[in-house]
Protein chains: 2
Amino acid sequence: MTRPQTQHGPATRVMRATRQRAAVSALLDRLEDFRSAQDIHEELRRVGDGIGLTTVYRTLQSLADAGEVDVLRTGSGEAVYRRCASAEHHHHLVCRRCGATVEIEGPAVETWAQRIAEQHGFSDLSHTAEIFGLCRECSATA
Amino acid sequence: MTRPQTQHGPATRVMRATRQRAAVSALLDRLEDFRSAQDIHEELRRVGDGIGLTTVYRTLQSLADAGEVDVLRTGSGEAVYRRCASAEHHHHLVCRRCGATVEIEGPAVETWAQRIAEQHGFSDLSHTAEIFGLCRECSATA
DNA sequence: TCGGTATCGAGTATCGATGTCACCTCACCG
DNA sequence: CGGTGAGGTGACATCGATACTCGATACCGA
């Protein structure tokens with residue numbers, strides 16, 4: 001446990017409320033699509049929120065660690081972030097052209113992963129499962 | 001089609017047989033696990049096959065493009081390569097500690113991905129689905 | 001209001017990957 | 001079998017993403 005916040009308990013305080021963190025968080029709330037740290041940094045500076053690139057990286061990472069945002073990697077290895085509506089485990093259907101994202105459930109995938117891993121004696125599991133394609137709009141424009 | 005090879009036809013020849021390509025390919029045949037380009041470069045130099053890092057990257061990429069090796073990205077975004085037994089589309093169960101890999105089929109995943117994407121009007125699909133965990137041995141050692 | 005401390009951020013280092021370009025070497029030909 | 005040129009090679013430069021350093025700054029609790 002690492003975030004007692006709004007309590008007067010002393011203990012392990014972490015994640016202080018700062019203007020920068022608020023700005024990143026607020027921007028993520030406004031965005032629909034997966035964005036890179038660079039994008040977010042640029043956007044914030046554009047609207048006048050002075051913030052350092054380092055801080056953006058750190059903030060996104062801590063938000064990701066806390067499970068407040070989802071991270072995935074583009075084909076080129078760049079990390080992209082998005083605040084997802086669902087806090088539950090879920091997957092994504094992402095447009096590889098415009099970044100539009102749909103959150104999806106995958107019960108079939110969950111059971112498949114678990115069954116396969118068990119068959120081979122693997123433990124401590126995790127998995128990735130994302131679908132990429134062109135959304136309706138981008139298909140039309142293509 | 002891009003490899004008419006052993007014919008005297010002129011046409012679009014590509015991928016010439018060189019010592020370096022042979023060395024990379026041979027090493028991949030010997031390896032069981034996913035390895036990074038750096039690993040492969042280091043190993044080749046260690047056994048005395050003089051080869052440049054640039055060439056290793058290029059060779060791996062062309063092998064991957066040709067579908068002769070599988071590529072996936074580690075959590076840190078590094079690309080790792082492996083010659084898979086199956087030429088068919090398949091997924092992987094990978095030990096995140098020792099790299100041991102099992103090739104798996106995922107008919108459930110294929111249909112799931114396709115159905116979901118269709119529901120949302122996406123086209124030109126691709127997907128990723130890998131399972132990570134600790135293999136039996138590593139679970140024991142942990 | 002004040003002090004201690006977590007956080008910030010400019011600069012810089014690192015790391016994987018790719019671009020550059022002069023030199024090398026296959027593959028094919030005569 | 002040796003010449004020739006397009007494709008291949010590799011030392012080096014560069015790039016984009018991310019980690020690190022450390023003095024300056026801004027929270028937060030008292």
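All chains are named by letter (A, B, ...) in the order of the sequence lines, taking the proteins before the strands, and each is independently numbered beginning at 1. Note that these values count all heavy atoms, side chains included, but never hydrogens, waters or copies made by symmetry.
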Practice task
Could you tell me whether B/Glu43 and B/Arg46 have a side-chain N and a carboxylate O separated by less than 4.0 Å?
Solution key: yes
Handout entry: Given DNA chain D, 5'-ward residue of the pair B/Thr18 and A/Gly77, judged by closest heavy atom
Key = B/Thr18
Completion exercise
Whole-Å distance, A/Asp49 CG to C/dG9 P, equals 11 Å
Completion exercise
Taking for B/Leu53 and for B/Arg19 the nucleotide of DNA chain C with the nearest heavy atom, the one nearer the 5' end belongs to B/Leu53
Completion exercise
B/Asp65 atom CG is separated from C/dT18 atom P, nearest whole Å, by 10 Å
Exercise for the section: Tell me which nucleotide among C/dA17, D/dT9, D/dA11 gets nearest to the side chain of B/Arg45. Expected result: D/dA11
Problem - OP1 or OP2 of C/dT18 under 4.0 Å from side-chain N/O of B/Gln61 - result: yes
Completion exercise
A/Leu60 CG to D/dA17 C1', in whole Å, measures 13 Å
Handout entry: Gap between atoms CG and P, on A/Leu63 and C/dT7 respectively (whole Å)
Key = 12 Å
Handout entry: Of A/Val24, A/Val71, A/Asp70, the residue whose pairing with A/Leu63 passes side-chain contact (heavy atoms from CB on, under 4.5 Å)
Key = A/Val24
Problem - Ionic contact status for B/Glu78 with B/Arg73, cut-off 4.0 Å - result: no
Practice task
Under 4.0 Å between any heavy atoms, over every strand shown, what does A/Thr55 touch: base, sugar-phosphate, or nothing? Just pick one.
Solution key: base
Handout entry: Residues A/Arg82 and A/Asp33 bridged, charged N to O under 4.0 Å
Key = no
Completion exercise
Separation of C/dT7 atom P from A/Arg16 atom CZ, nearest Å, is 6 Å
Handout entry: Whole-Å gap separating C1' (C/dC15) and CZ (B/Arg73)
Key = 13 Å
Handout entry: Spacing between B/His41 atom NE2 and C/dG16 atom P, to the nearest angstrom
Key = 13 Å
Exercise for the section: Would you please confirm or rule out a distance under 4.0 Å between OP1 or OP2 of C/dT7 and any side-chain N or O of A/Arg58? Expected result: no
Handout entry: Nucleotide D/dT21, atom P - distance to OH of A/Tyr57 in whole Å
Key = 18 Å
Exercise for the section: Between B/Glu78 and B/Gln20, just flag the one whose closest nucleotide in DNA chain C comes earlier from the 5' side. Expected result: B/Glu78
Problem - B/Glu42 atom CD: more than 12 heavy-atom contacts under 6.0 Å - result: no
